[in-house]
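What follows is one structure encoded as structure tokens, with my remarks underneath.
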Number of protein chains: 2
Amino acid sequence: MSKINNTSFGEYIKQLREDKHLPLRKIAAELDIDTSTLSKIEKNERNASEQVIERLSEIFEIDKGELKVRYLSDKITYQLLEEKDGIEILKVAEQKIKYYKKNDKH
Amino acid sequence: MSKINNTSFGEYIKQLREDKHLPLRKIAAELDIDTSTLSKIEKNERNASEQVIERLSEIFEIDKGELKVRYLSDKITYQLLEEKDGIEILKVAEQKIKYYKKNDKH
DNA sequence: TTGTGTTTTGACAAGAACTGTCCAAATTTA
DNA sequence: TAAATTTGGACAGTTCTTGTCAAAACACAA
């Protein structure tokens with residue numbers, strides 16, 4: 001199983017930021033976004049763009065792929081949380097992705 | 001593993017419709033949507049609303065839950081098809097959903 | 001407590017994405 | 001060929017997302 005825990009994307013980057021005792025203001029400046037936007041990203045109230053994710057991975061020196069996994073898994077979780085058959089939906093999606101990858105259809 | 005094959009949602013309902021030799025026009029009327037909209041749904045170019053999915057399940061006498069699984073797994077597959085770590089993202093999402101369900105947090 | 005820096009919230013306009021709708025072109029069927 | 005079916009493009013209306021700003025709420029040292 002994966003080692004990524006159940007911390008949300010927002011909570012995770014907030015944690016990274018606080019570990020380094022940096023204010024939102026500073027990170028937001030480095031990301032070239034508004035402080036309030038970053039605040040909302042940390043509270044999972046706004047999307048993080050591809051660019052923001054990339055810069056975050058640089059700033060905190062973490063793998064970009066891992067960060068994307070955290071981000072996108074969060075989004076999918078959110079989409080399925082109210083669904084009765086959430087887990088089955090994921091299983092079927094997994095089959096489909098494997099099928100498409102196998103057959104080179106992207 | 002699930003028994004749902006790798007047919008897309010659109011292809012699937014198109015198949016159901018053609019098996020009964022019914023024109024788009026008729027089904028669209030029953031769904032109370034435009035013929036061209038149904039055409040696009042069958043080609044996966046438009047979203048199917050909750051209501052449309054429900055009516056489709058009635059018209060073709062299939063389980064609504066299964067139809068939703070087909071529909072939503074398609075959407076998720078599409079979101080992840082270009083991602084390098086698609087499968088891992090699904091695994092992490094699965095953990096998260098289980099975690100939330102266990103802790104009753106919806 | 002006041003003052004200073006930080007974080008959160010709500011509002012707003014601009015832009016993007018999605019919807020239902022119509023019509024004409026293309027395709028299929030008879 | 002003619003009729004029916006299917007598809008594609010265009011359109012306005014709506015909803016959702018975005019970046020931006022300013023004020024409110026908060027934390028906390030002096």
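The shown structure was predicted, so the numbers you read here are calculated from the model rather than taken from an experiment. The chains referred to below are lettered A, B, ... by the order of the sequence lines, with proteins before strands, and numbering in each begins at 1.
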field: Integer-rounded Å distance: dA4(D) P and I27(B) CD1
entry: 19 Å
message: Are D85(A) and K68(B) packed together at the side-chain level, in the sense that at least one heavy-atom pair is separated by less than 4.5 angstrom?
response: no
Side-chain donor/acceptor pairs under 3.5 Å, residues 21-28 of chain B, sequence neighbours excluded:
none

task: Provide the full list of ring-ring contact (aromatic ring centres under 6.0 Å, His included) pairs with a residue in residues 65-89 of chain B, sequence neighbours left out, each pair given once.
output: F9(B)-Y71(B)
message: What I'd like to find out is whether the side chain of I13(B) reaches to under 4.5 Å of the side chain of E42(B), using heavy atoms alone.
response: yes
message: Suppose the criterion is ring-ring contact (aromatic ring centres under 6.0 Å, His included): which pairs have a residue in residues 25-60 of chain A, not counting sequence neighbours?
response: none
Backbone N/O of S73(A) and side chain of T77(A): donor-acceptor pair under 3.5 Å: yes
message: Strictly under 4.0 angstrom, non-hydrogen atoms only: write out the protein contact profile of nucleotides 6-21 of chain D, one letter per nucleotide from the 5' end, B, S or -.
response: SBBB--------BBBB
- request: Using atom types as modelled and distance alone, determine if a side-chain donor or acceptor of D74(A) lies under 3.5 Å from a backbone N or O of S8(A).
  value: no
With 3.5 Å as the limit, what N/O pairs link the protein to nucleotides 27-30 of chain D?
none

- prompt: In degrees, rounded to 10°, what is the bend between the two ends of the helix from dT1(C)-dA30(D) to dA30(C)-dT1(D), using five pairs at each?
  reply: 30°
query: Within the distance-only criterion (no hydrogens, no angle test), does the side chain of D63(A) pair as donor or acceptor with the backbone N or O of E66(A) below 3.5 angstrom?
result: yes
message: Just the rounded figure in Å: distance from C1' of dG20(C) to CD1 of I41(B).
response: 11 Å
- prompt: What do you reckon, is CD of E18(A) surrounded by more than 12 foreign heavy atoms closer than 6.0 Å?
  reply: yes
query: Can you tell if the side chain of L80(A) reaches within under 4.5 Å of the side chain of I76(B), non-hydrogen atoms only?
result: yes
